[in-house]
Amino acid sequence: MKYHLALIGYRGSGKTSLGLWLAKRLAWPCLDTDSLVETATGMSVSEIFSRQGEAAFRTLEAAMLDKALGGPPAVIATGGGIILDEKNRLRLGEACLVVWLTADVETLSKRLQRDEHRPPLTTLDPLEEIRTLMAVREPLYAALADLTLDTGRQSLEVAAGIISEFVQKKTAEGEFLGLPACIDGVADC
Ligand code: S3P
């Protein structure tokens, strides 16, 4: 039975911001796999990439995903590359309603330009990097997604409302456990 809500998608698609917004609305904890890695190691994601390499980061990321999935119901904002590992995909698919956040390449690129903390993933220029990695990742995101939302076209508030309705529907259909009473958007949630 699915009892977490996971947000997947490319960097800059809004997973962390929407995750926090949703967790407040659902009165659930919000876990972010990147933050869990940083807390566990005492290093930033960029530092791990530069000192230990991407493979070491991916091992830590998988361990932190397991930790999050083993805990109580939560909104789990995942790192953009978490879906590259087949085991991660299986675990996410088993335990989570999965929402894929999308945006077009230009929107993602603009959002990422504002953030200097993310390590480069290739030697390509930023736009080309997004295009190249998206070509590999898109089918993986799509295969895992229970719901897809374009965050380039709607505000986080609207997106959170759509997700809340979706969670209600899946709960009513018996496919999701753990719908809190406040999901209707009652003011004190
Ligand atoms: C990565 C995305 C990052 C972080 C790391 C690798 C990726 O997370 O996990 O830099 O491979 O796309 P965000 O998607 O939260 O930026």
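Worth knowing before you read on, the calculation uses all heavy atoms, side chains too, and leaves out hydrogens, waters and symmetry mates. When a ligand or atom number is given, it counts from 1 through the structure's own listing order.
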Tell me, do L92 and I82 make a side-chain contact under 4.5 Å, heavy atoms counted?
yes

Once you restrict to heavy atoms under 4.0 Å, what part of R58 touches ligand 1? Side chain, backbone, both or neither.
side chain

Hey, which atoms in ligand 1 end up nearer than 4.0 Å to a heavy atom of R118?
16 (O)

Does the distance from a Lys or Arg side-chain N to an Asp or Glu carboxylate O, for R131 and E106, drop under 4.0 Å?
yes

Lys/Arg N to Asp/Glu carboxylate O, K2 vs D146, below 4.0 Å:
yes

Output yes when a side-chain donor or acceptor of S13 lies under 3.5 Å from a complementary backbone atom of A103, and no otherwise.
no

Under 4.0 Å from a heavy atom of K15: which atoms of ligand 1 are those, numbered in the order shown and with their elements?
13 (P), 14 (O), 15 (O)

By number and element, which atoms of ligand 1 are closer than 4.0 Å to a non-hydrogen atom of V45?
5 (C), 10 (O)

One residue to check: R137. Relative to ligand 1, which of side chain, backbone, both or neither has a non-hydrogen atom less than 4.0 Å away?
side chain

Considering only heavy atoms of D34, which atoms of ligand 1 have at least one such atom less than 4.0 Å away?
3 (C), 4 (C), 8 (O), 9 (O), 13 (P), 15 (O)

For D66, give me all partners under salt bridge (charged side-chain N to carboxylate O under 4.0 Å, His left out), at least two apart in sequence or on another chain.
R91

If we number the atoms of ligand 1 from 1 as shown, the ones under 4.0 Å from a heavy atom of E61 are 9 (O)

Within the 4.0 Å heavy-atom cut-off, what P119 brings close to ligand 1 is side chain

So if I count the atoms of ligand 1 from 1 in the order they appear, which ones are less than 4.0 Å from some heavy atom of G79?
8 (O), 9 (O), 14 (O)

Indicate yes or no for a side-chain donor-acceptor contact from N88 to the backbone of A62 under 3.5 Å, with no hydrogens or angles considered.
no

K15 side chain to G9 backbone, donor-acceptor under 3.5 Å:
yes

When you look for heavy atoms under 4.0 Å from ligand 1, do you find them on the side chain of L121, its backbone, both, or neither?
side chain

Under 3.5 Å, N or O to N or O, is R11 touching ligand 1 that way?
yes

E173/K169 ion pair, N-O < 4.0 Å:
yes

